[in-house]
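Below is one structure, written out as structure tokens, with a few remarks after it.
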Amino acid sequence: MRVYLLVLLTILIISVQAQDHTELIIVNKIDHLSTLAREPMVAEHPNGSLFVTGYMNGSDSPQLWESRDYGKTWQSVDVGTPDEGAQGNSDVDLYIDSLGNIFLLSMTYTKLPEDISNFDFATMKGEQIIIGVSRDEGKSWDWEVISQRDYDDRPWITASSSGDMHIIWNDGKGVHYASSKDAGKSWQRQPDVHSKGGSSFLASGPHGQLAVRVSPMSASGFQMDKGVDFIRLSLDEGKSWQDVALPGNRDWSEDFSGIPRWVEPVAFDREDNLYAMWSEGKEMKLAMSPDYGESWQEYVISHTQDTTYYPYMVMSKQGLLCTWTSGFNEHIRHYAAVVKMDVTNVKVYTVDPLKLDMWSRFSVGEYQRSTGGEYFPIISLANGNIGMVTTIQNSQANRVGFSWWELRLSEF
């Protein structure tokens with residue numbers, strides 16, 4: 001037995017199973033039906049308001065909703081007109097700082113025609129990245145173009161521990177980077193995070209660290225840089241970067257076959273440990289590094305009968321908040337979990353797999369169950385609970401919008 005345990009410790013792989021009963025419980029679920037909100041993002045304002053964004057290809061401006069009653073009702077926020085700089089109909093990110101400044105990041109993508117039956121989807125591409133900042137709880141907005149190049153794709157925004165703001169994105173020619181030292185009043189283009197690869201995720205640490213997950217696929221899937229698959233780490237708020245090798249095994253395919261991959265999240269905790277999350281088929285895996293990637297300890301946080309994919313992760317006081325998807329077509333399910341760990345113990349608290357109202361985005365072809373996008377967000381709330389947003393995508397039933405979920409970690 002001792003030899004067996006020593007072998008397990010040596011290879012540093014620990015398999016963790018969720019508890020037999022649901023310990024992450026659903027407190028509330030509110031459906032807001034309005035316009036399509038794919039790949040949503042959510043943030044809580046210091047005043048207690050909740051803000052949700054999500055994209056719709058047919059829109060001219062970014063979409064934003066606010067709730068002042070903790071998700072019971074939602075109102076659309078006027079972010080301005082395209083003539084005022086509010087342009088965007090694709091990938092979004094949302095950040096609210098401790099002063100209440102709201103940062104709404106949006107990408108513009110080729111618009112689809114009304115009749116897509118003979119449309120060549122290969123002609124579609126990213127066109128620009130913009131940032132909107134509101135300093136008065138969403139009443140007024142200042143918009144600025146961050147990039148306006150062909151194939152601009154997947155922007156992310158975060159603040160470092162000093163309060164400086166950081167934006168990354170890609171266009172098939174590298175992972176690009178801009179920052180602001182004045183709460184978004186001005187933005188400065190910085191040297192690229194890397195000369196190749198995609199901007200798969202951005203995370204900040206408690207002492208000036210920034211981590212960028214650089215994946216081989218970029219430019220909305222039109223560019224594949226084989227061998228470019230690592231974390232770029234900065235310990236000085238983006239002034240310099242170094243490569244960090246990834247734990248585990250993963251494959252990427254140019255034709256999107258195999259395990260669906262797009263976002264692969266990374267995170268820091270308060271003790272400067274670095275985390276990575278990814279799929280290895282039927283296993284969703286999580287790894288922790290106490291030494292910035294010199295060594296990793298791997299965990300299996302979920303094992304299902306179907307392929308798992310599309311992970312998302314953030315650090316919170318409750319632990320690591322994680323979401324992911326499994327299965328295809330009628331077997332698609334969505335998951336949420338809280339992972340608590342220390343050196344010798346790991347606990348995974350999950351909700352039961354969710355069968356959501358998400359169906360084919362387009363009416364052409366067979367109408368099938370869909371993932372609703374390549375990730376869905378989860379956040380820690382000021383009241384101690386957990387918030388989550390999922391897309392509602394069912395055009396045949398005239399149901400589009402988003403669902404707001406409030407979850408609570410209940411240990412019993």
Side-chain angles (χ1 to χ4, degrees), residues 38-39 41 55 57 62 87-95 103-110 121-131 144-158 160 165-180 187-204 210-234 238 240-244 246 250-256 260-266 276-278 310-313 373-375:
R38 284 176 59 82
E39 296 177 358
M41 287 294 175
Y55 80 78
N57 178 264
Q87 304 166 4
N89 65 347
S90 190
D91 296 355
V92 289
D93 201 3
L94 185 64
Y95 189 90
F103 299 83
L104 177 54
L105 189 62
S106 182
M107 168 186 162
T108 299
Y109 200 65
T110 304
F121 284 84
T123 63
M124 301 184 76
K125 60 186 177 182
E127 298 171 0
Q128 72 173 6
I129 307 293
I130 62 165
I131 182 70
E144 183 173 339
V145 174
I146 296 297
S147 178
Q148 201 168 51
R149 299 176 63 176
D150 283 350
Y151 299 101
D152 277 340
D153 187 35
R154 193 47 268 183
W156 300 97
I157 185 168
T158 195
S160 53
M165 301 303 302
H166 305 268
I167 293 173
I168 64 166
W169 70 99
N170 73 81
D171 61 1
K173 299 178 181 178
V175 178
H176 310 304
Y177 171 38
S179 64
S180 173
W187 295 88
Q188 293 76 44
R189 181 74 175 263
Q190 305 294 342
D192 288 348
V193 173
H194 198 262
S195 59
K196 295 181 179 180
S199 47
S200 189
F201 207 78
L202 171 65
S204 63
L210 293 170
V212 174
R213 176 65 175 92
V214 180
S215 64
M217 191 171 289
S218 62
S220 303
F222 287 103
Q223 177 68 27
M224 174 70 80
D225 294 311
K226 294 182 179 179
V228 178
D229 203 9
F230 42 74
I231 295 170
R232 288 285 278 173
L233 175 67
S234 174
S240 62
W241 298 89
Q242 63 192 58
D243 287 354
V244 172
L246 290 166
R250 54 187 58 73
D251 60 303
W252 295 79
S253 60
E254 295 185 45
D255 61 358
F256 295 93
R261 298 191 189 277
W262 197 247
V263 168
E264 279 203 358
V266 291
M277 185 179 177
W278 74 102
Y310 291 163
Y312 185 89
M313 171 181 65
E374 283 74 35
Y375 47 86

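On a predicted model such as this, the values are computed, not experimentally measured, just so you know. In this chain, numbering begins with 1 at the start of the sequence shown. Keep in mind that the numbers below use all heavy atoms, side chains included, and drop hydrogens, waters and symmetry copies.
- Across all non-hydrogen atoms, the minimal contact from Asp150 to Asp171 is O-CB, 3.8 Å.
- Counting heavy atoms from C-beta outward, Tyr151 and Gln223 have side chains that stay 4.5 Å or more apart.
- Across all non-hydrogen atoms, the minimal contact from Gly88 to Ser106 is CA-OG, 3.4 Å.
- Here the shortest heavy-atom pairing between Pro155 and Met107 reads CD-CB, 4.1 Å.
- Rounded to the nearest 0.5 angstrom, Ser220 OG and Met124 CE are separated by 9.0 Å.
- Residues satisfying the side chain to side chain contact (heavy atoms under 4.5 Å, CB included) criterion with Glu127, sequence neighbours excluded, are Thr108, Thr110.
- The backbone N or O of Ser240 sits less than 3.5 Å from a side-chain atom of Ser234, completing a donor-acceptor pair.
- The ring pair (Phe, Tyr, Trp, His ring centres under 6.0 Å) test applied to Phe201 returns Trp156, Tyr312, not counting sequence neighbours.
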- Determine, step by step, whether Asp192 and Val175 satisfy the side-chain contact (heavy atoms from CB on, under 4.5 Å) criterion, reporting the C-alpha distance in whole Å, the side-chain angles of both residues, the deciding distance to 0.1 Å, and the verdict. CA-CA 6 Å; Asp192 288 348; Val175 178; over 6 Å; no
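- Remark: the backbone N or O of Ile157 is paired with a side-chain donor or acceptor of Asp93 at under 3.5 angstrom.
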- So Tyr375 and Met41, side-chain contact (heavy atoms from CB on, under 4.5 Å) or not? Walk me through it. CA-CA 10 Å; Tyr375 47 86; Met41 287 294 175; 3.6 Å; yes
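- With Arg213 contributing its side chain and Asp229 its backbone, the two residues share no donor-acceptor pair below 3.5 Å.
- Note that CH2 of Trp278 is 10.0 Å distant from CZ of Arg261, once rounded to the nearest 0.5 Å.
- Note that CH2 of Trp252 and OG of Ser215 are 4.0 Å apart. Values are rounded to the nearest 0.5 Å.
- Lys226 places none of its side-chain heavy atoms less than 4.5 Å from the side chain of Pro216.
- Scanning all heavy atoms of the two residues, the minimum distance from Ile130 to Pro62 falls at CD1-CG, 4.4 Å.
- One distance of note links CD of Gln148 with CD of Gln87; it measures 7.5 Å at 0.5 Å rounding.
- Taking the ring pair (Phe, Tyr, Trp, His ring centres under 6.0 Å) definition, one finds that Tyr109 meets it with nothing, sequence neighbours left out.
- Here the straight-line distance linking atom NE2 of His194 with atom CH2 of Trp241 works out to 12.0 Å at 0.5 Å rounding.
- Counting only heavy atoms from C-beta outward, the side chains of Lys125 and Arg149 never approach each other to under 4.5 Å.
- Side chain of Asp153 to main chain of Asn170: no donor-acceptor pair is present (N/O by atom type, distance under 3.5 Å, no hydrogens or angles).
- Summarising the geometry, atom OH belonging to Tyr55 is positioned 6.0 Å from atom CG belonging to Asp91; distances are rounded to the nearest 0.5 Å.
- Put simply, the side chain of Glu374 never gets that close to the backbone of Glu39: no donor and acceptor are under 3.5 Å apart.
- Of all non-hydrogen atoms in Ser179 and His166, the two that sit nearest each other are CB-ND1, 4.0 Å.
- Asn89 and Asn57 make their closest contact through ND2-O, 2.9 Å (heavy atoms, listed as atom of the first residue, atom of the second, distance).
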